[in-house]
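Encoded as structure tokens, the structure appears first; notes follow it.
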There are 2 protein chains.
Amino acid sequence: MQRKRVTLRDLAEHLNINTSTVSRALSEKSSEMISPDVVKRVKKAALEMGYKQNAAAYALKMGSTKTIGMIIPDLMNPVFPPIIRGIQSVLDRYGYTAFLAYSENNEITAHTEVERLISRGVDGIIYAAAFRTDSVVDLCKSQGVPLVLVNRVVDQGDVDTVKVDDSLGIKMAVDHLLELGHRKIGFIAGPKNISVSYIRLRAFTQTMAEHDLEVEPHRIVEAHALSEDAGEKAMSVFLGQNSDATAIIASNDLIALGCYTALRQFGYTCPKRLSIVGFNNMPYLDWFATPLTTVSIPHFQMGERSAELLLKRIKSGNLDFNEEVLLKPKLVIRGSTAPVVRRKKKSDAS
Amino acid sequence: MQRKRVTLRDLAEHLNINTSTVSRALSEKSSEMISPDVVKRVKKAALEMGYKQNAAAYALKMGSTKTIGMIIPDLMNPVFPPIIRGIQSVLDRYGYTAFLAYSENNEITAHTEVERLISRGVDGIIYAAAFRTDSVVDLCKSQGVPLVLVNRVVDQGDVDTVKVDDSLGIKMAVDHLLELGHRKIGFIAGPKNISVSYIRLRAFTQTMAEHDLEVEPHRIVEAHALSEDAGEKAMSVFLGQNSDATAIIASNDLIALGCYTALRQFGYTCPKRLSIVGFNNMPYLDWFATPLTTVSIPHFQMGERSAELLLKRIKSGNLDFNEEVLLKPKLVIRGSTAPVVRRKKKSDAS
DNA sequence: CACTTTAGTGCAAACGTTTGCGTTAATCAA
DNA sequence: TTGATTAACGCAAACGTTTGCACTAAAGTG
């Protein structure tokens with residue numbers, strides 16, 4: 001019915017006062033320069049007539065859209081919904097609204113998505129799909145758009161980031177396996193152009209080294225993506241060249257799932273023949289036939305912190321300074337890891 | 001660095017022509033009234049100088065923001081991500097961008113979220129969180145904002161909707177259980193103020209009736225939400241009053257999961273003691289210890305169709321006519337359903 | 001009482017677009 | 001060659017805000 005929205009001018013005419021007065025009366029910060037009486041009348045009329053500020057006009061005038069953009073690699077990965085919720089929870093408190101975009105784990109689509117968001121006038125961007133070198137950070141910097149990286153970071157460049165201590169997470173995973181008696185441990189890495197997979201892999205070899213365990217090259221195979229599919233393929237080649245391994249760590253829960261199926265295809269069983277530990281603690285793992293031991297990260301909190309950081313940056317307007325918040329992971333032990341079983345050798349009576 | 005974005009005027013000055021010419025040269029539809037030569041020069045300069053249309057100015061002038069809002073009850077429910085992807089996939093093709101909002105399954109927060117989106121100037125709304133009577137449809141109608149309901153619909157009111165044939169889905173579930181020999185079948189319903197739970201429950205009793213099976217009242221218990229938690233509680237009371245039931249249908253996969261845990265608490269096992277079938281076919285069910293038999297719905301396609309419908313409505317501008325698209329579900333049989341086992345009666349030798 | 005201060009409000013420009021209309025120069029018909 | 005048509009472009013208004021400045025009347029100052 002009411003196709004035409006009511007504007008400030010409408011209110012002004014109705015009250016026989018000037019548009020500017022109405023504007024000021026409605027604005028928190030300048031309502032004090034208007035007589036309390038008028039303010040009251042304006043607010044009343046605004047409510048009655050159903051006035052809603054025109055966001056486009058405000059944005060045009062003020063140069064701020066009160067929106068931010070968030071780019072995630074893939075919504076299908078159940079890790080991201082909680083992060084998004086965390087982001088929204090703080091955004092809501094400050095009257096911000098978020099655009100959602102996916103990169104499909106592709107840097108150039110990520111780049112174009114960011115461009116789109118920028119031309120939509122977002123006040124800032126939360127980027128969860130970064131590669132270790134990523135043109136998006138330069139793009140944002142050149143356009144003067146605040147940016148915060150979450151989870152995945154870049155090798156160099158001064159950017160605000162919130163991430164979890166991946167190295168610590170892997171260390172906990174390794175320690176857990178060592179305690180169970182495992183020594184021949186493999187690692188299914190993610191693409192090394194993504195910070196998390198790179199760091200996790202490095203942390204793996206490092207932690208092993210600290211325990212005087214050298215990891216030979218064939219113990220490590222890289223999946224071409226942080227996905228179930230890629231994990232399965234990688235695990236297949238791993239199993240082909242590691243008949244003696246007793247445990248593996250996957251760069252990712254999704255990869256770990258892929259490992260499950262590869263394992264099954266080889267007729268092996270987990271954790272009897274091979275222990276597996278993942279990373280991320282995605283939802284519903286508890287329900288699985290073999291519940292995955294994994295490193296849990298504080299998804300929701302990551303979202304919250306990144307949103308807070310971004311809003312702070314937007315408010316200050318100073319993009320030259322930046323910050324890094326580091327969150328702690330936690331090991332969640334489930335059924336996919338078990339003590340190593342001493343397998344019978346050929347001529348062994350025991 | 002380049003804090004100031006380049007505008008149409010900048011381009012015009014740089015080329016020594018009028019702003020209007022630049023605008024027309026860049027616009028697909030009016031570029032033909034400009035000499036090809038000028039068009040070429042303008043486009044070149046626009047590219048070089050990095051011109052990006054100011055979305056706010058465009059929106060203000062044209063009254064269209066090229067954005068839509070989507071409201072879903074809960075991002076944590078893994079059913080929605082695929083729907084969102086479906087929506088985005090068609091939105092992208094038409095230069096639209098989507099705001100994402102949650103209702104937390106609460107009608108008033110849904111209402112306020114919709115109000116927020118409307119005041120942001122969205123061109124339309126995709127609403128996946130409707131109750132059977134929902135103020136949002138009146139709100140949108142009164143504001144002249146195109147609206148399409150997806151999955152959940154309202155009892156009355158002329159609205160565009162895309163949903164799946166819930167009745168058919170339930171019928172398939174019931175038929176499946178009957179074929180397995182089950183007769184004492186229970187139903188864990190969702191809140192009856194939500195269309196899907198209401199319809200599914202009705203379809204259950206109806207299908208049973210068609211097979212001359214009367215379902216007694218104690219065979220049906222209503223969960224207070226479409227969630228795991230609510231499902232568990234409801235299943236507990238169900239088991240308390242149905243020691244003889246051999247199968248149950250849950251209004252929802254999440255509820256079905258709740259049934260699993262309640263079952264375990266009672267020391268029962270599925271499907272040996274009780275068969276369970278869910279609804280929605282959420283991701284990762286295949287991995288579960290007892291993979292859930294469930295009714296699969298075309299999530300992605302639902303998203304696509306609803307976005308197409310909305311854009312069509314936006315384009316036509318005629319909100320008086322409306323449409324309903326009905327998608328077909330599919331039964332996915334997994335390990336949570338099994339033939340009924342004939343239990344020994346007290347004095348029975350067999 | 002004459003003066004300056006101040007509180008309250010109005011005026012008008014500006015943000016960056018799009019578009020109806022007016023203007024010019026070139027093309028056409030005769 | 002002259003008048004009418006047309007192709008290409010410029011002018012200026014408008015979308016709904018916000019805000020610096022000007023203005024009026026009341027209050028304060030001596």
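Here is the naming used below: chain letters follow the sequence lines, and residue numbers restart at 1 for every chain.
Taking only side-chain nitrogens and oxygens, Y58(B) never comes nearer than 4.0 Å to OP1 or OP2 of dA14(D). A sub-4.0 Å separation between OP1 or OP2 of dT18(D) and a side-chain N or O of T19(A) is absent. Dashed line: the shortest gap from a side-chain N or O of N18(B) to OP1 or OP2 of dC11(D) is under 4.0 Å. The phosphate of dG10(C) (OP1 or OP2) has a side-chain N or O of T21(A) nearer than 4.0 angstrom. Listed pair S23(A) / dT18(D) meets the phosphate criterion, a side-chain N or O lying under 4.0 Å from OP1 or OP2.
For the pair D10(A) CG and dC15(D) P, the interatomic distance rounds to 10 Å; values are reported in whole Å. Summarising the geometry, the separation between NZ on K29(A) and C1' on dT17(D) is reported as 15 Å, rounded to the nearest angstrom. If you measure from atom CG of D37(A) to atom P of dA7(C), you get 17 Å, rounded to the nearest angstrom. Taking atom CG of L26(A) as the reference point, atom C1' of dT17(D) lies 12 Å away to the nearest angstrom. A straight line from CZ of R9(B) to C1' of dC15(C) spans 8 Å, rounded to a whole angstrom. If you take CG of L8(A) and C1' of dT17(D), they are 6 Å apart, rounded to a whole angstrom. L11(A) places its CG atom 14 Å from the P atom of dG10(C), with the value rounded to the nearest Å. For the pair Y51(A) OH and dT18(D) C1', the interatomic distance rounds to 10 Å; values are reported in whole Å.
When each of D134(A), T161(A), N151(A) is paired with Y127(A), the side chain to side chain donor-acceptor pair (under 3.5 Å) condition holds for D134(A) and for no other.
The nearest pair of heavy atoms linking P73(B) to Y102(B) is O-CB, 4.3 Å.
When each of Q53(A) and P36(B) is assigned the nucleotide of DNA chain D with its nearest heavy atom, P36(B) is the one assigned upstream, toward the 5' end. Checking L60(B) against R24(B), the closest nucleotide of DNA chain D that is more toward the 5' end is the one next to R24(B).
For S20(A) against dC11(C), a side-chain N or O and a base N or O form a donor-acceptor pair under 3.5 Å. For dT18(C), the base has a donor-acceptor partner in the side chain of K61(B) [N/O atoms by modelled type, under 3.5 angstrom].
Between the side chains of T97(A) and R116(B), at least one donor N or O sits under 3.5 Å from an acceptor N or O. Between the side chains of N18(A) and S20(A), at least one donor N or O lies within less than 3.5 Å of an accepting N or O.
In this structure, E115(B) CD and L139(B) CG are separated by 5.5 Å, a value rounded to the nearest 0.5 Å.
S35(A) comes within contact range of the sugar-phosphate backbone alone, with a heavy-atom separation under 4.0 Å but no base atom that close. At a threshold of 4.0 angstrom between heavy atoms, the contacts of M33(A) include nucleobase atoms, whether or not backbone atoms are also involved. Using a 4.0 Å heavy-atom distance criterion, K52(B) is classed as a sugar-phosphate-only contact. Among the atoms of the strands shown, only primed sugar atoms or phosphate atoms (P, OP1, OP2) are found under 4.0 Å from some heavy atom of T7(B).
Side-chain contact between M70(A) and L310(A) is absent, with no heavy-atom pair separated by less than 4.5 Å.
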